[in-house]
Chemist: 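Structure below; questions to follow.
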Amino acid sequence: MNEETAGPENPGGEESLETGEPIEALSGLIEEPAPEFMNRVRNRINRKVLAVQVTDLSWTAPILIFMEWLRMFMEWFGSSSDESGGSRDE
Amino acid sequence: MCRIRDLRSLPEEELLEAARRGPEGDLRAFDLLVERHKARVVGNCRYLTRSPDDAQDLAQEVFVKAFFGLGSFEGRASFGTWVNRIKVNHCLNFIKKRDRAVHVSLEEPGVKEAKEVRVPPEAEAKTVQGGERDRIREVLDSMPDTLRIPLILRDLDGLSYQEIADTLSVGLSAVKMRIKRGREEFRRKFAKAGSEAERN
């Protein structure tokens, strides 16, 4: 059903209002993008991706650092226990 | 790894799939999608907002939104149609913000003379110069938002009356009336500009 004309499903009333012929000159109207358009789109995308990655890292970095400290502490504590246990054996 | 030449020959659906599934940071497939649609999107942004200065930025923002929305794009419509919807909403939000920024009472002293309130009279004067596309541009710029926006959504973007009504949050009959009046006003002004150009 052509929306430009009233149909049997819209007998009379405002919905059968004829809107006239479309402006054909508008259908293919384009504007030439600036030469740097593609670069700017890529840069905007890359900046957003970087911002998301940095934000993720700002949440996970403290946890990672804490885990590393904990591991170092456990290793140090573990090696200290081994040394004192070894000296008793002598 | 797909070469750029291979990607160029792909139909749009496959290019879209390549863009969605491509490794992170690989924008080649998406670049090609942008290449195919950028002129139309820039044009739409320019004529919807009546702002050549903002059209390029708005179009870039539309494609950035499209890129980050690829994951949720279900593929029920074509990429062009989907980007069209993003563009329409983005431009309408821009227009609302811009109009809010200049919303003052006309009763205040000096407001009626303010340049932000008036449709620039030179917009109509300029229709006598330039080629046909310049005339179209100037006629559209001289039309008020209430007529220009529905006209562009219908005759340039190809949206249905119901889609326009939903997008603009107005009734279907109001949309049809505005499009009817918009077409009449466009034809009248375009014909007038054409005859004045011929006289000059």
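Chain letters run A, B, ... following the sequence lines, proteins first, then strands; residues in each count from 1. Bear in mind the structure is a predicted one, so any value in this text is a computation, not a measurement.
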Chemist: What pair of heavy atoms forms the shortest contact from A/Leu26 to B/Ile136, and how long is it?
Modeler: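 Distance-wise, the nearest heavy atoms are CD2-CG2, 3.8 Å.
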Chemist: Can you check whether B/Tyr47 reaches A/Glu31 side chain to side chain, under 4.5 Å on heavy atoms?
Modeler: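 Yes, close enough: below the 4.5 Å cut-off.
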Chemist: B/Glu61, B/Gln56, B/Glu184, B/Arg133: which one forms the most heavy-atom pairs within less than 4.5 Å of chain A?
Modeler: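 With the most close heavy-atom pairs to chain A, the winner is B/Gln56.
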Chemist: For A/Pro22, is there any backbone N or O sitting under 3.5 Å from a side-chain donor or acceptor partner on B/Asp155?
Modeler: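 Absent.
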Chemist: Search all heavy atoms of A/Gly20 against all heavy atoms of B/Arg183 and return the closest pair with its distance.
Modeler: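 Closest heavy-atom pair between A/Gly20 and B/Arg183: O-NH1, 2.7 Å.
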Chemist: Report the distance from atom CG of B/Leu140 to atom CG of A/Leu29, rounding to the nearest 0.5 Å.
Modeler: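 Taking CG in B/Leu140 and CG in A/Leu29, the distance rounds to 7.0 Å.
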Chemist: Any chance you could lay out the side-chain contact (heavy atoms from CB on, under 4.5 Å) test for A/Thr19 and B/Tyr161, step after step, and finish with the verdict?
Modeler: CA-CA 11 Å; A/Thr19 53; B/Tyr161 292 124; 2.7 Å; yes
Chemist: Tell me which pairs pass salt bridge (Lys or Arg N to Asp or Glu O under 4.0 Å) where either residue lies in residues 162-171 of chain B, with sequence neighbours left out.
Modeler: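 Every candidate salt bridge (Lys or Arg N to Asp or Glu O under 4.0 Å) pair involving residues 162-171 of chain B fails, so no pair, neighbours aside, qualifies.
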Chemist: Can you tell if the side chain of B/Val64 reaches within under 4.5 Å of the side chain of A/Arg42, non-hydrogen atoms only?
Modeler: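 No; the side chains remain at least 4.5 Å from each other.
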Chemist: How many angstroms lie between atom CD of A/Glu32 and atom CZ of B/Arg46, to the nearest 0.5 angstrom?
Modeler: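 Rounded to the nearest 0.5 Å, the CD-CZ separation comes to 14.5 Å.
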Chemist: Around A/Met72, counting heavy atoms of other residues, nucleotides and ligands shown, do more than 12 lie under 6.0 Å from its CE?
Modeler: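 More than 12 within 6.0 Å, yes.
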Chemist: From A/Arg44 CZ over to B/Asp57 CG, what is the distance, rounded to the nearest 0.5 angstrom?
Modeler: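 Interatomic distance, A/Arg44 CZ to B/Asp57 CG, rounded to 0.5 Å: 5.0 Å.
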Chemist: Under 4.5 Å, counting heavy-atom pairs only, tell me which of B/Phe68, B/Phe190, B/Phe30 racks up the most with chain A.
Modeler: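 Ranked by heavy-atom pairs under 4.5 Å with chain A, first place is B/Phe68.
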Chemist: How far does CD of B/Gln60 sit from CD of A/Glu36, to the nearest 0.5 angstrom?
Modeler: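 CD of A/Glu36 is found 8.0 Å from CD of B/Gln60.
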Chemist: Should B/Leu27 and A/Val41 be marked as a side-chain contact (heavy atoms from CB on, under 4.5 Å) after you check the CA-CA gap, both sets of side-chain angles, and the distance that decides it?
Modeler: CA-CA 10 Å; B/Leu27 295 178; A/Val41 171; over 6 Å; no
Chemist: Check whether any side-chain heavy atom of B/Lys180 lies under 4.5 Å from a side-chain heavy atom of A/Glu18, and answer yes or no.
Modeler: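 A side-chain contact is absent here, since even the closest heavy-atom pair is not under 4.5 Å.
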Chemist: Give a yes or no answer on whether the side chain of B/Arg40 reaches the backbone of A/Ile30 with a donor-acceptor pair at less than 3.5 Å.
Modeler: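 Here the side-chain-to-backbone pair does not exist.
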Chemist: Output the residues of residues 49-58 of chain A for which the shortest heavy-atom distance to chain B is under 4.5 Å, in residue-number order; output 'none' if no such residue exists.
Modeler: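 Contacts with chain B: A/Val49, A/Gln53.
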Chemist: Hey, are the side chains of B/Phe63 and A/Ile45 touching, using non-hydrogen atoms and a 4.5 Å cut-off?
Modeler: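 With C-beta onward as the side chain, the pair stays apart.
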Chemist: Quick check on B/Arg137 against chain A: is it the side chain, the backbone, both or neither that has a heavy atom closer than 4.5 Å?
Modeler: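 Answer is side chain: those atoms of B/Arg137 sit under 4.5 Å from chain A.
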